[in-house]
Number of protein chains: 2
Amino acid sequence: MSDRTRPIPTVAIAVDLAVLTVRDGSLQVLLVERGIEPWRGLQALPGGFLDDEEEDLDTAAARELAEETGLDLDQVHLEQMRTYGTPGRDPRGRVVAVCYLAFIPDLPSPHAGGDAQAAAWVPAQTVLEPGTRLAFDHKRIVADAVERARSKIEYTTLATRFCPPEFTVAELRQVYEIVWGEPLDQRNFHRKITGAEGVLVPTGEQTTRQGGRPAGLFRAGPVTTLHPAMLRPTRAW
Amino acid sequence: MSDRTRPIPTVAIAVDLAVLTVRDGSLQVLLVERGIEPWRGLQALPGGFLDDEEEDLDTAAARELAEETGLDLDQVHLEQMRTYGTPGRDPRGRVVAVCYLAFIPDLPSPHAGGDAQAAAWVPAQTVLEPGTRLAFDHKRIVADAVERARSKIEYTTLATRFCPPEFTVAELRQVYEIVWGEPLDQRNFHRKITGAEGVLVPTGEQTTRQGGRPAGLFRAGPVTTLHPAMLRPTRAW
DNA sequence: CCAAAAGTGTTGTCCCTACACCCATGC
DNA sequence: GCATGGGTGTAGGGACAACACTTTTGG
């Protein structure tokens, strides 16, 4: 804290969301089309300025996530990711953006936007292609979010947050394969994830929605850290 | 970003530092005594308000670290940790603090403070005791910093940042033992850390400063991620 | 010679990869 | 029966914990 006596400069605080889901075989991020300048017409992360003197950052993020997706905190994972404050990132003035990362399941109902313009799910891979442009520094934020997601599912059970309330082992494995972009051995995955205590709770039900032999259905268990960790397939070190 | 037309509320941004080092056999954090209200006379993390319209957050953190310790970025590790913005955390008004985590070696020369009042190294354990009070929510921030440090040295080579430029394997091991608060097997540690490619570079020199058989001296190598990871001794899962 | 600290060997266990193989459904 | 996907078995290798042991200094 400064001990100087000159006035304290103020800046605007934005709370932005990188909302990720897995749908249609790819990792996708929620983007809204900007209705005003700057970057009018370009896509951006949903978010807003911190507008209530009494609202916590985490609360603001949760409120905005609910506005965009209709989901509350029981159903999603929401965590603070990083704060971006490079001068010039917003041409209107000094804006510091506190960014949150959310994992949500593939919504069967279309997300009714709050005050958002047209909201759309866009594959992360598409967003990160060289030709794609987003408003502000949001492309870089998406890159950070994807990297964080890839890393987090290694040692936590957060991959289950991309699944519906009840899911099969194969569905969970597909989440891993899609987020990492690499195939996993179905048999070793099954043994490992079902062998980890407290991660999966069998419902006793079965489903044949994927064809073939019926698969057991599971719910996410109480454990949040994955031990032993689920390691990505060997890369060059 | 808000698409509303009412004025954008502004708040003050503080950039605060949790500077950690290992000295006198304990993990310690740099605290300064506050010269003004609020919490005049209490200890707080060093930091200051973002005071230059053209200064990046990372740059501001690096500048403040240099002011407090005299060290530049070549010698330390500095990373953004988390942003704290709970209403009421500063009685003067809405202040959002972007907190950075720094790892620095035990300075042989006393840190000449910039505009800081009396600066002091305080063992983290002392800070986190129930009876200790810090200004603002800085006690919680110290707790987050310690936990982050304990976790980071598992899978990165950042423990070397707590060591002088040249150090022995035993000195590095003591860093781990102090940060984790648990003893490690000297023999397994030696094998593992010297076996990891690119982590340690032998200088060819030896030292007997710890008594006994001379130990080889090393410098930190180019690799930043530790593979395989250095795992903490087994806790109850 | 003895204490102290550095560094090497060994052994059993766990986990991981890689496969082969059987099971239960729809058609 | 046959295709499709679910679930189990097994063998080899790497990493790890827990040890004993040798090496090299100072006193």
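No experiment lies behind these values; they were computed from the predicted model shown. Throughout, a chain's letter reflects where its sequence line sits, starting with A, and its residues are numbered from 1.
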From [atom1] of [X] over to [atom2] of [N], roughly how many Å is that when rounded to an integer?
X         : N       : atom1 : atom2 : value
Leu231(B) : dG14(D) : CG    : P     : 19 Å
Glu177(B) : dA5(C)  : CD    : P     : 13 Å
Gln206(B) : dA6(C)  : CD    : P     : 12 Å
Leu200(B) : dG7(C)  : CG    : P     : 11 Å
Arg209(A) : dG26(C) : CZ    : P     : 15 Å
Ile193(A) : dG6(D)  : CD1   : C1'   : 16 Å
Leu172(A) : dG6(D)  : CG    : C1'   : 15 Å
Leu184(B) : dA18(D) : CG    : P     : 11 Å

Check: [Y] and [X] side chains under 4.5 Å, non-hydrogen atoms:
X         : Y         : value
Val122(B) : Thr132(B) : no
Val142(A) : Leu128(A) : yes
Phe136(B) : Arg34(B)  : yes

Using a cut-off of strictly less than 4.0 Å, decide whether Lys192(B) has a side-chain nitrogen or oxygen near OP1 or OP2 of dC16(D).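 Affirmative; the distance criterion is met.
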
Do any side-chain nitrogens or oxygens of His190(A) fall under 4.0 Å of OP1 or OP2 in dG6(D)? no

Using only modelled atom types and a 3.5 angstrom limit, is any donor from either the side chain of [X] or the base of [N] paired with an acceptor on the other?
X         : N       : answer
Arg187(B) : dA20(D) : yes
Arg213(B) : dT23(D) : yes
Arg173(A) : dG6(D)  : no

Quick one: which of dG6(D), dG7(C), dA15(D) gets closest to the side chain of Gln186(B)? dG7(C)

Between dC16(D), dT10(C), dT25(C), which one does the side chain of Thr208(A) approach most closely? dT25(C)

Let me spell it out: for each of Asp185(B) and Gln210(A), pick the nucleotide of DNA chain D with the closest heavy atom. Which residue's pick is nearer the 5' end?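 The residue whose closest nucleotide sits nearer the 5' end is Gln210(A).
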
Which comes earlier along DNA chain D counting from the 5' end, the contact point of Pro214(B) or that of Ala229(B), where each point is its nearest nucleotide? Ala229(B)

Using side-chain contact (heavy atoms from CB on, under 4.5 Å), reason through Tyr84(B) and Arg140(B) one step at a time and then give a plain yes or no. CA-CA 10 Å; Tyr84(B) 301 84; Arg140(B) 185 258 169 102; 3.6 Å; yes

Residue that, paired with Arg232(B), satisfies salt bridge (charged side-chain N to carboxylate O under 4.0 Å, His left out) out of Glu154(B), Glu177(B), Glu182(B): Glu154(B)

Quick check: on DNA chain C, is the nucleotide nearest Asn188(B) upstream (toward 5') of the one nearest Glu171(B), or the reverse? Name the residue that is more 5'.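 Its nucleotide being nearer the 5' end, the pick is Glu171(B).
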
Using a 4.0 Å heavy-atom cut-off across all strands, classify Ala196(B) as base, sugar-phosphate, or nothing.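 No contact.
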
